[in-house]
Amino acid sequence: MRTWLMKSEPDVFSILHLAAQHVAGWDGVRNYQARNFLRMMRKGDRALFYHSNAHPPAIVGMIEIVQEAYPDSTQFDPASDHFDPASKREAPRWDQVDVKFLKVFGRELSLEEIRQIPQLQNMLLLKRPRLSIQPVTPEEWNFILKRVQD
DNA sequence: GCCAACGTTGGC
DNA sequence: GCCAACGTTGGC
């Protein structure tokens with residue numbers, strides 16, 4: 001099982017939205033590096049759900065990949081904010097995965113706290129602040145889970 | 001709302 | 001292929 005971190009703005013799609021839907025498509029990714037990570041995801045992989053553009057920005061819960069990468073239909077929809085006129089149906093440029101809600105952590109781990117934890121200084125979250133889908137090492141994963149226990 | 005960081009586009 | 005212009009992300 002690989003572990004990941006996935007960002008979403010809670011005003012748009014929060015972990016509570018996912019908890020209500022139980023399973024949802026993770027669409028709208030429009031960055032090649034993030035897409036390439038999406039394509040590496042396998043059924044059963046788990047991810048930290050991160051609230052970006054939030055108060056405070058923080059890791060708030062855990063989700064599971066339940067459907068591996070397949071074409072994101074919003075890229076073909078002119079009415080969508082994520083419409084990509086350059087993407088062709090014969091060769092879709094953008095993929096999505098489906099994710100399942102697992103839990104909201106007993107306590108959040110804010111970006112500010114992460115910055116102060118020596119064991120988490122190499123997280124891509126700190127090094128590549130704009131990357132919305134990123135791998136998390138087993139060491140980081142285990143450390144974070146201990147920190148957010150109920 | 002501002003703006004720094006940084007990814008993408010497109011002219012040359 | 002370089003790089004300036006532009007657009008977006010996301011913290012503050």
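As the structure is a prediction and not an experimental result, all values here were calculated from the model. Letters go in sequence order (proteins before strands), and every chain restarts at 1.
- Here the closest non-hydrogen pair linking A/Glu64 and A/Gly44 is OE2-CA, 3.8 Å.
- Using bins of under 30°, 30° to 60° and over 60° for the plane-to-plane angle, the ring pair A/Phe13/A/His17 lands in the parallel bin.
- As a whole-Å value, the separation of A/Met6 CE from C/dG10 P is 13 Å.
- Following rounding to the nearest Å, A/Asp84 (CG) and B/dG7 (P) show an atom-to-atom distance of 18 Å.
- Note: CZ (A/Arg30) to C1' (C/dT8) measures 14 Å, nearest angstrom.
- Atom C1' of nucleotide C/dT8 and atom CH2 of A/Trp94 are separated by 13 Å, given to the nearest angstrom.
- Following rounding to the nearest Å, A/Ile59 (CD1) and C/dG11 (C1') show an atom-to-atom distance of 15 Å.
- A/Glu108 has no carboxylate O lying under 4.0 Å from a charged side-chain N of A/Arg147, or vice versa, which leaves the two without a salt bridge.
- Of the residues near DNA chain B, A/Asn53 and A/Tyr32, the one whose nearest nucleotide (by heavy atom distance) lies more toward the 5' end is A/Asn53.
- Across the protein-nucleic acid pair, A/Asn31 atom CG and C/dG10 atom P stand 9 Å apart, rounded to whole Å.
- The phosphate of C/dG11 (OP1 or OP2) has a side-chain N or O of A/Tyr50 nearer than 4.0 angstrom.
- Of all the residues in residues 126-135 of chain A, A/Pro129, A/Arg130 reach under 4.0 Å from DNA chain C with at least one non-hydrogen atom.
- Under the salt bridge (Lys or Arg N to Asp or Glu O under 4.0 Å) criterion, A/Asp98 pairs with no residue, sequence neighbours left out.
- Here A/Lys7 does not reach the OP1 or OP2 of C/dT9: none of its side-chain N or O atoms lies under 4.0 Å away.
- Between A/Phe76 and A/Trp94, the gap from one ring centroid to the other reaches at least 6.0 Å.
- Rounded to an integer number of Å, the gap from A/Glu112 CD to C/dG10 P is 19 Å.
- Nucleotide B/dG7 holds its C1' atom 14 Å from the CZ atom of A/Arg93, rounded to whole Å.
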Run A/Arg30 and A/Ser132 through side-chain hydrogen bond (donor to acceptor under 3.5 Å, both in side chains) and show every step you take.
CA-CA 10 Å; A/Arg30 294 295 180 270; A/Ser132 64; over 6 Å; no
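- Close placement of the A/Trp26 and A/Phe49 rings is indicated, their centers lying within 6.0 Å of each other.
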